[in-house]
Amino acid sequence: MPPLNLLFLSTTVGPLGSGMGGGVELTLYNLAKVLTQRGHRIVIVAPSGSMCSSFPVIEVPGTLQSTAQTQGRDAFIVMPPDPVLATMWTLVQQAHTEYDLLLNFAYDWLPFYLTPFLQRPVAHLVSMGSLTDAMDQVIEQVSLQFPHTVAVHTQAQADTFPFAERCRVVGNGFDLSLYQFCPSPERCLGWVGRIAPEKGLEDAVVAADKTGIPLRIWGVLQDESYWQDICDRYPDAPISYEGFLPTTELQQELGKCLALLMTPRWIEAFGNVAIEALACGVPVIAYRRGGPSEIVIDGKTGWLVEPDSVSGLVDAIARIEQIDRQACRQQAEVEYSLEAMGDRVEQWFADILASKW
Ligand code: HBI
């Protein structure tokens, strides 16, 4: 494939590196890494304060978008004063013809609405499932007018949209050389994610309380009152909040866990942390819901549990020794390496550039 000039448009809910962008930050960074290795030239546009080592970032000042997942289905599209998102896409309007293709990571209305106004193809990597009617409609419009350009991480995520058959499933990919395999764990469980209601942390806390196995928690403390409520309700649970760690430190600690608990209340689009755990040899115990239910091989690399069933979590924890930690690392290498994702994304771009747009 000839080298492409690519413009990456970041999520606008937080600067890259802040953790506010959740899995999208890691995905953006990993794609920049693997596509650069393959000779493509990448420029990233992101909110001021973004850090993306070794890649040129055009930082854009202004007010960040509010997160889409906390609004209801009939929520209106909200644009704050002095919006980073609009300033970013004014920059796109001015500079986009210098690029072969634009890759949008933002789960926001404006990038989709502006797509037909531009003279270069825009690939949209949709990072969450269906949340609001307004977003569904604008994404569907792009999927109709520009076939191939809307991609998602898993089939489960695609299936949340009425236009599932027009979503391209590209999975995800990680630099597995950053993750060390840990053959012998300590007696502790892990939970990783933005600490917010949709992530269902309280179920993991109750499971730790019932099993008496300490639960170590990593991630951005996004919703303080939610966290405080958990601490108030389970004062004796053996839990510890270990902060938001960058990848290399996180995998060092996560690898020591008996298992990672994934307790999403919502349809997790993918669940990057599941791969990060598998890459360290850590089995994943996850609700059979969304992305993780497509990643975990039940009984082989972890256990899939009846959604919202804490007793199911407790039973799975009791059987965790049945899972071979080597098989977990193996699955990450076969399905979720950066190389595998790089192949899938290059093929995606080739299909977009080959089709009329
Ligand atoms: N909300 N409005 C909005 N825009 C985003 O790009 C966005 C979001 N909420 C969460 C989010 N992105 C990411 O944390 C997840 O997609 C991973």
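Note that ligands are numbered from 1 as they come in the structure, with each ligand's atoms numbered from 1 the same way. Only this structure's heavy atoms are used, side chains among them; waters, hydrogens and symmetry mates stay out.
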Practice task
Output yes when the distance from some N or O of ligand 1 to some N or O of Thr11 is under 3.5 Å, and no in every other case.
Solution key: yes

Handout entry: Heteroatom proximity flag, Ala68 to ligand 1, N/O under 3.5 Å
Key = yes

So which protein heavy atom does [atom] come closest to, and at what separation?
atom: atom 4 (N) of ligand 1; value: Asp108 OD2, 2.7 Å
atom: atom 11 (C) of ligand 1; value: Met128 CE, 4.0 Å
atom: atom 16 (O) of ligand 1; value: Ser127 OG, 2.6 Å
atom: atom 13 (C) of ligand 1; value: Gly21 O, 3.2 Å
atom: atom 10 (C) of ligand 1; value: Gln69 OE1, 3.4 Å

In terms of side-chain geometry, is the basic nitrogen of [X] or [Y] positioned less than 4.0 Å from the acidic oxygen of its partner?
X: Arg168; Y: Asp351; result: yes
X: Asp175; Y: Lys33; result: yes
X: Asp315; Y: Arg319; result: no
X: Glu268; Y: Arg289; result: no
X: Glu198; Y: Arg265; result: no

Exercise for the section: Could you tell me if the ring centre of Trp227 sits under 6.0 Å from that of Tyr241? Expected result: yes

Exercise for the section: Say whether Ser66 and ligand 1 are in contact under the criterion: heavy-atom distance to a ligand atom below 4.0 Å. Expected result: yes

Handout entry: Between Thr67 and Gln65: side-chain donor-acceptor atoms closer than 3.5 Å
Key = no

Handout entry: Any donor-acceptor N or O pair under 3.5 Å, side chains Asp74, Thr132
Key = no

Under 4.0 Å from any heavy atom of [X], which atoms of ligand 1 are there?
X: Met20; value: 14 (O)
X: Gly23; value: 17 (C)
X: Tyr107; value: 2 (N), 3 (C), 4 (N), 5 (C), 6 (O)
X: Ala106; value: 6 (O)
X: Val13; value: 1 (N), 3 (C), 4 (N), 5 (C), 7 (C), 8 (C)

Completion exercise
One should read off an interatomic distance between Arg194 CZ and Tyr226 OH, to the nearest 0.5 angstrom, of 11.0 Å

